[in-house]
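In listed order, ligands and their atoms are each counted from 1. Source: prediction; values computed, not measured. For reference, positions follow the sequence shown, starting with 1.
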Amino acid sequence: MNIPFQITDTMKTRLLKTVLKSIYYSGTHKLMSADWQGAGLIYTMHRVNSQPVPAFAPNRILTITPQYLEDIITQVLDQGLDVVSLDEAYRRLKEGEFDRRFVCFTFDDGYRDNLTCAYPIFKKFNLPFAIYIPSDYPDGDGELWWVALEKVISKCHKISIEIEGKNRTFSCASIAEKWSTFNHMYWHLRGLDEEVLRAYIRKICHQHDIDMAAICRQSIMNWDEIRQLSDDPLVTLGAHNKGHYALAKLGATEARREISEGLSKLQSELGKKIEHYAYPYGDATSAGPRDFELASEFGFKTGVTTRKGVLFKEHVEHLMALPRVSLNGDYQSLKYNSVYLKGIPFALLNRFKRLNVD
Ligand SMILES: [Zn+2]
């Protein structure tokens with residue numbers, strides 16, 4: 001895989017940021033037709049906390065501050081949108097009820113700060129939200145390999161790895177070198193089959209004395225904590241596979257097993273039916289039409305991706321491939337959110353196609 005010429009998610013994010021800025025400062029979002037704002041949107045988030053951010057922290061894009069979350073909720077409500085549960089979003093899509101636009105807030109992976117920092121905010125506003133859980137994570141067996149990679153690069157001065165059959169050594173002495181090495185290795189790993197990726201990261205962690213299970217137990221809620229949330233009708237819990245494997249990187253049998261085992265474990269731990277699903281990673285290289293088909297076998301009401309976009313009435317025919325809008329910790333700006341709510345950047349990124357499900 002030739003990293004420098006690959007259009008990565010990071011590049012797409014940078015492009016989106018540039019598009020957002022130019023739309024906001026040119027005032028285009030105020031001029032363009034309301035047709036592109038759609039019926040509503042589903043936000044993707046991961047972590048909410050106000051911990052200090054070190055100079056090398058590539059995963060900081062996954063964290064927003066509690067203040068930013070409050071500001072986003074306030075902005076959404078001020079603009080007259082309804083904040084609804086996934087069940088209600090499903091009902092509105094199914095019944096074609098589009099007289100009021102709506103927003104769903106969703107979190108992926110089950111980080112502990114969802115309980116300690118995000119939950120009190122949603123409680124205060126009395127608003128619903130959802131969390132998608134890979135079932136290995138609350139067991140303490142999750143492989144948050146992107147966090148592990150950050151920790152390895154953070155602590156070492158150089159790293160030797162095999163890429164495409166060749167031994168390569170990357171320097172990680174300076175902050176700039178750490179960023180460059182992370183970006184190179186992260187996108188290399190994302191291009192590998194899941195089993196190869198996991199074997200690779202386990203080896204690197206072993207070499208550099210990083211305990212992935214400890215990272216999981218430290219940052220992810222255990223089952224008792226998840227059950228506290230599950231008892232509150234404001235919270236929807238959704239399935240997110242067993243080991244957070246990208247379905248598209250697996251054969252059909254393994255992909256089906258990933259969904260099935262994750263779902264069964266979640267249902268038995270929580271004692272309730274789970275009706276919503278999120279594809280791990282969720283981009284087009286991680287979940288495609290075959291996977292939308294596979295997930296639909298499990299009877300979920302909705303399946304969400306991380307393909308960027310707002311919801312249109314046409315999505316009722318594609319309930320297992322819903323787009324989302326990511327709240328990125330790297331640019332926590334209400335200006336950008338006001339542009340998101342108009343749907344314009346997604347119309348441009350998706351070349352004015354309402355659906356992006358191929
Ligand atoms: Zn995830």
Side-chain angles (χ1 to χ4, degrees), residues 8-10 12-13 42-49 58-64 86 104-115 118 129-150 186-187 189-190 192 194 197-198 201 212-213 215-222 225-226 229 235-250 255 258-263 265-266 274 276-288 291-292 294-295 298 300 302-308 320-329:
T8 64
D9 256 26
T10 311
K12 284 184 195 160
T13 301
I42 306 174
Y43 286 112
T44 313
M45 295 170 288
H46 288 83
R47 311 195 62 170
V48 179
N49 64 61
N59 288 301
R60 72 186 183 196
I61 57 168
L62 300 176
T63 304
I64 61 169
L86 289 168
C104 298
F105 286 94
T106 68
F107 293 88
D108 287 7
D109 302 340
Y111 287 95
R112 182 166 287 115
D113 56 34
N114 295 182
L115 172 68
F129 67 103
I131 307 176
Y132 299 103
I133 314 268
S135 67
D136 276 356
Y137 284 21
D139 277 345
D141 288 336
E143 294 180 313
L144 286 83
W145 63 264
W146 50 95
V147 182
L149 182 64
E150 179 179 318
Y186 177 87
W187 288 108
L189 291 170
R190 279 289 301 271
L192 300 174
E194 278 279 8
L197 184 167
R198 300 301 173 106
I201 200 77
M212 268 201 287
I215 292 173
C216 179
R217 288 193 300 272
Q218 189 182 26
S219 48
I220 299 287
M221 290 182 281
N222 60 36
E225 290 167 318
I226 293 171
L229 292 172
V235 186
T236 301
L237 291 161
H240 199 40
N241 288 358
K242 177 180 182 292
H244 201 275
Y245 280 47
L247 294 186
K249 308 273 173 66
L250 302 173
E258 254 291 291
I259 306 173
S260 162
E261 291 184 3
L263 175 63
K265 173 82 175 173
L266 202 56
I274 299 295
H276 300 276
Y277 175 74
Y279 301 87
Y281 312 102
D283 62 307
T285 67
S286 306
D291 310 305
F292 304 150
L294 275 180
F298 293 85
F300 296 114
T302 65
V304 295
T305 66
T306 55
R307 295 176 187 225
K308 300 176 195 325
M320 287 311 297
L322 299 178
R324 288 191 288 175
V325 171
S326 179
L327 291 180
N328 188 312

Polar contact flag, side-chain donor to acceptor under 3.5 angstrom, T106-R324: yes
Parallel under 30°, tilted from 30 to 60°, perpendicular over 60°: which one fits the rings of F300 and Y277? parallel
Give the C-alpha distance, both sets of side-chain angles, the deciding distance and a yes or no for salt bridge (Lys or Arg N to Asp or Glu O under 4.0 Å) between E194 and R198. CA-CA 6 Å; E194 278 279 8; R198 300 301 173 106; 3.0 Å; yes
Result block: side-chain N/O donor-acceptor pairs under 3.5 angstrom for residues 130-138, not counting sequence neighbours:
unit_1	atom_1	unit_2	atom_2	d
D136	OD1	K242	NZ	3.1
D136	OD2	K242	NZ	3.4

Classify the angle between the aromatic ring planes of H244 and Y281 as parallel (below 30°), tilted (30 to 60°) or perpendicular (above 60°). perpendicular
Hey, which protein N/O/S atoms does the Zn ion (ligand 1) have under 2.8 Å? D109 OD1, H240 NE2, H244 NE2
Evaluate the criterion side-chain hydrogen bond (donor to acceptor under 3.5 Å, both in side chains) for residue pair N328 and S326; output intermediate values, then yes/no. CA-CA 6 Å; N328 188 312; S326 179; 5.4 Å; no
